[in-house]
Amino acid sequence: MLVYPSSIDLSSSTLRHLTRQLTARWREIGTRWRRLPGGRQALLALAHLRCGDTYAQLAAGFGIGIATVYRYIREAIEVLAARAPALATAMETAQTKAFVILDGTLLPIDRIAADTPYYSGKQKRHGMNVQVLTDPFGRLLWASPALPGATHDLTAARSHGIVDALATAGLKCWADKAYQGAGRHIRVPFRGRRLKRWKRRHNSSHAKIRCVGEQAMAVLKAWRLLRKLRCSTNRITDIVKAVLFLHHTST
């Protein structure tokens, strides 16, 4: 396999931060020797998450075995996921905002047609449902654990406790039509084709506010691994949490 130098569109502070987290992990478990030093392991994990490089590509580039790449990446993801903010923390941050925006996205996975629970009828593809909370400017506040793609957005929001958390905090929330019935604190557009003029105006202004939340989706998909996940579905939640933590440390 040919090997060539490449780049990652992340700051060096992100690399240093992850290196410190891994070094602390090594001290905690009593590691004495590794094939790669902390900085190289951090770079390996970032290349996988940000660029979506495969284990084989990374093994060739870093001069280690594929099994070692798998262990190093899994360790880094677990370290990052453990430090990701919980929903309660996100609610504390959200209370300083005028309102929040709630939306769901589908992370594509490589599954066959037989895997019905992972098939989204809306997107016409297999994936994992992730709920996202953003501030009024579209900045990512929190991303939920991943559920099978067939899960409805409202069902996902309720199962994660988002609906109850927003009601308890008394936060105003803008969301799309999928969240109708979530409660008065979650504002959704009117449904139907032949709407009165004032309802159409309401939907238009609602869409202008809510569309800002799409920026958070772009932030998630900038981590190319999330554009096509080929790992076990049991690991996707940790990957999302790791990306969320890295995003917050880099902004």
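All residue numbers in this chain count up from 1 along the given sequence.
- In this structure, CG on D110 lies 10.0 Å from NE2 on H126, to the nearest 0.5 angstrom.
- Cluster annotation: L44 and V79 are assigned to the same hydrophobic cluster (Ile/Leu/Val/Met/Phe/Trp/Tyr, side-chain heavy-atom contacts under 4.5 Å, transitive).
- Between Q41 and R34 the shortest heavy-atom distance is OE1-NH1, 3.4 Å.
- Separating the CG atom in L80 from the CG atom in L246 is a distance of 4.5 Å, to the nearest 0.5 Å.
- Counting all heavy atoms, side chain and backbone alike, P117 lies closest to P148 at O-CB, 3.0 Å.
- Contact check for L43 versus I8: side-chain heavy atoms found under the 4.5 Å cut-off.
- Side-chain contact between I77 and R235 is present, with heavy atoms from C-beta onward closer than 4.5 Å.
- Residue pairs that meet the side chain to side chain donor-acceptor pair (under 3.5 Å) test with at least one member in residues 205-217, sequence neighbours left out, do not exist here.
- Heavy-atom minimum distance, S120 versus Q123: OG-N, 3.1 Å.
- The salt bridge (Lys or Arg N to Asp or Glu O under 4.0 Å) analysis of residues 38-63, with sequence neighbours excluded, yields the pairs D9-R50.
- In terms of the side chain to side chain donor-acceptor pair (under 3.5 Å) criterion, S6 has no residue partners (sequence neighbours excluded).
- Of the possible polar contacts, one joining the T23 side chain to the T19 backbone as a donor-acceptor pair under 3.5 Å is found.
- Connectivity analysis of hydrophobic side chains (ILVMFWY, heavy atoms under 4.5 Å, direct or indirect) links V3 to nothing; its cluster partners are none.
- The closest donor-acceptor contact from the side chain of T237 to the backbone of A146 lies under 3.5 Å.
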Check against side-chain contact (heavy atoms from CB on, under 4.5 Å), I236 and V130: CA-CA 10 Å; I236 294 177; V130 172; 5.6 Å; no
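- With contacts defined as side-chain heavy-atom distances shorter than 4.5 Å, the pair I162/W142 qualifies.
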Given the rule in the side-chain contact (heavy atoms from CB on, under 4.5 Å) test, do L244 and W223 qualify, once you have shown the distances and angles that lead to the verdict? CA-CA 10 Å; L244 177 64; W223 297 80; over 6 Å; no
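- Minimum heavy-atom separation, L141 to T134: CD1-C, 3.7 Å.
- L195 belongs to a hydrophobic cluster whose other members, connected by ILVMFWY side-chain contacts under 4.5 Å either directly or through intermediates, are F190, W198.
- V212 and Y179 end up in different hydrophobic clusters when Ile, Leu, Val, Met, Phe, Trp and Tyr side chains are linked at under 4.5 Å.
- When the shell of 6.0 Å around NZ of K122 is examined, it contains 12 or fewer heavy atoms from other residues, nucleotides or ligands.
- T54 is linked by a side chain to side chain donor-acceptor pair (under 3.5 Å) to Q57, counting only residues two or more places apart in sequence or in another chain.
- When the side chains of ILVMFWY residues are joined at heavy-atom separations under 4.5 Å, either directly or via intervening members, F62 and L15 end up in a single hydrophobic cluster.
- Pairs of residues two or more places apart, or lying in two chains, that qualify as ring pair (Phe, Tyr, Trp, His ring centres under 6.0 Å) and include a residue from residues 17-56 are H17-F245, H48-Y55, Y55-Y70.
- Heavy-atom minimum distance, A76 versus L22: CA-CD2, 3.9 Å.
- The side-chain heavy atoms of S13 and R16, taken from C-beta on, include a pair separated by under 4.5 Å.
- Judged as a salt bridge (Lys or Arg N to Asp or Glu O under 4.0 Å), the pairs with a partner in residues 77-86 (not counting sequence neighbours) are, in order, R74-E78.
- The backbone N or O of L154 sits less than 3.5 Å from a side-chain atom of H152, completing a donor-acceptor pair.
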Donor-acceptor contacts under 3.5 Å from residues 164-177 side chains, at least two apart:
unit_1, atom_1, unit_2, atom_2, d
T168, OG1, D164, O, 2.8
D176, OD1, A178, N, 3.0

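- In this structure, E75 and I29 have side chains that are in contact, with non-hydrogen atoms separated by less than 4.5 Å.
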Considering only distance and modelled atom types, tabulate donor-acceptor pairs under 3.5 Å from the side chains of residues 90-108, sequence neighbours left out.
unit_1, atom_1, unit_2, atom_2, d
T93, OG1, T89, O, 3.3
T96, OG1, T93, O, 2.6

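- Atom OH of residue Y72 and atom CD1 of residue I64 lie 6.0 Å apart, to the nearest 0.5 angstrom.
- A single hydrophobic cluster is not seen to contain both L133 and L147; linkage of ILVMFWY side chains at heavy-atom distances under 4.5 Å, directly or through other members, places them apart.
- Checked against side chain to side chain donor-acceptor pair (under 3.5 Å), R71 has the following partners two or more places apart in sequence or in another chain: T68.
- For the side chain to side chain donor-acceptor pair (under 3.5 Å) test, residues two or more places apart in sequence or in another chain that qualify with D153 are N129, Q131.
- Here the side chain of K124 pairs a donor or acceptor atom with the backbone of G121 at under 3.5 angstrom.
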side-chain contact (heavy atoms from CB on, under 4.5 Å) between L225 and V243: does it pass, once the steps are laid out? CA-CA 10 Å; L225 182 65; V243 168; over 6 Å; no
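- With hydrophobic clusters built from ILVMFWY side chains whose heavy atoms lie under 4.5 angstrom apart, I66 shares a cluster with L49.
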